[in-house]
There are 2 protein chains.
Amino acid sequence: MRQLHHPNRDEILLSSVLYALSDPARLHIVMRLHDQDELPCSACSDLEIAKSTFSHHFKTLREAGVIFTRMEGRQRFISLRKEDLDARFPGLMESILQAAAEGKASH
Amino acid sequence: MRQLHHPNRDEILLSSVLYALSDPARLHIVMRLHDQDELPCSACSDLEIAKSTFSHHFKTLREAGVIFTRMEGRQRFISLRKEDLDARFPGLMESILQAAAEGKASH
DNA sequence: TCATAAGTTCGATAACTATCGAACAATAGA
DNA sequence: TCTATTGTTCGATAGTTATCGAACTTATGA
């Protein structure tokens, strides 16, 4: 757990990003990061999901290049990689977040 | 096979669309529809994939609301549901197709 | 030093998915 | 009517994924 892997901007793949965001729980996490600069992982613990499952989702998002995880003490802070995503896929996150905010994400 | 199911515009879900497009083969199919109004399914048969697998991908795309399948005789013509997708998720397909066209889709 | 807290990793399981070949259905054309 | 064409459906399999609880790691604070 010493080092958390983050892909470089150029390594971020569309397929991986779309896949990561196609899960309602993960999309929910990303929506929370929309307005915020940064959030502790624990900020999502109101969703009724086991913490090991959260960890799995964070890993999926992180390895897809969607979020950045900063380690500080025994907390981790996550943030949306807005600049990287927007540089690589202009307009993508904006349209996804807008649609999600309007409740068109799932069921 | 009498009727092919297509969701109404309002039933198209972001999660399902993102999932459908997160598969490289399906994204490839959608890219071919970008410039074209309509294509016969057979137009994708150069991809080295079994036809039953294609059928599966077409079904996934269709049920997610990404493509429309029109039956004519013994052929099926598929088209991108541009208007519906753009009405529901403004800018989404444009940004996805642009990124895909620049080769940022996968590996 | 010891207990607590925050997340990750492990092991297991159930569900889902991509893939294929074979069989099937429906239509067009000879 | 018979045959070839187009695509779907079926059955099977291998791989992947979401989920959980338990064990583990690291750091904080008493």
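In what follows, every heavy atom counts, from backbone to side chain, and hydrogens, waters and symmetry copies are set aside. Order of the sequence lines fixes the chain letters, A, B, ..., with proteins taken first and strands second; residue numbering starts at 1 for each chain. Remember, predicted model here, so these are calculated numbers, not experimental data.
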> Which comes earlier along DNA chain D counting from the 5' end, the contact point of A:K51 or that of B:A43, where each point is its nearest nucleotide?
Replying inline: B:A43
> So what does A:F77 touch, heavy atoms closer than 4.0 Å: a base, only the sugar-phosphate, or nothing?
Replying inline: nothing
> How is B:S42 classified with respect to the nucleic acid when contacts are heavy atoms under 4.0 Å: base, sugar-phosphate, or nothing?
Replying inline: sugar-phosphate
Decide if atom [atom1] of [X] counts as having more than 12 heavy atoms of other residues, nucleotides or ligands within a radius under 6.0 Å.
| X | atom1 | value |
| --- | --- | --- |
| A:Q98 | CD | yes |
| B:D35 | CG | yes |
| B:K59 | NZ | no |

Expressed in angstrom and rounded to an integer, what is the separation of [X] atom [atom1] from [N] atom [atom2]?
| X | N | atom1 | atom2 | result |
| --- | --- | --- | --- | --- |
| A:E72 | C:dT8 | CD | P | 15 Å |
| A:L61 | D:dA18 | CG | C1' | 14 Å |
| A:E63 | D:dA18 | CD | P | 12 Å |
| B:R74 | C:dA28 | CZ | C1' | 4 Å |
| A:R76 | C:dT8 | CZ | C1' | 7 Å |
| A:M71 | D:dT26 | CE | P | 9 Å |
| B:L39 | D:dG7 | CG | P | 11 Å |
| B:H57 | D:dG7 | NE2 | C1' | 15 Å |

> Counting N and O atoms only, with roles assigned by atom type, does the side chain of A:T53 sit under 3.5 Å from a partner on the main chain of A:I49, one being a donor and the other an acceptor?
Replying inline: no
>> Looking at B:S55 and D:dG7, is any side-chain donor or acceptor paired with a base atom of the opposite kind under 3.5 Å?
In response: no
>> Heavy-atom nearest nucleotide on DNA chain C for B:I49 versus A:P40: which residue maps closer to 5'?
In response: A:P40
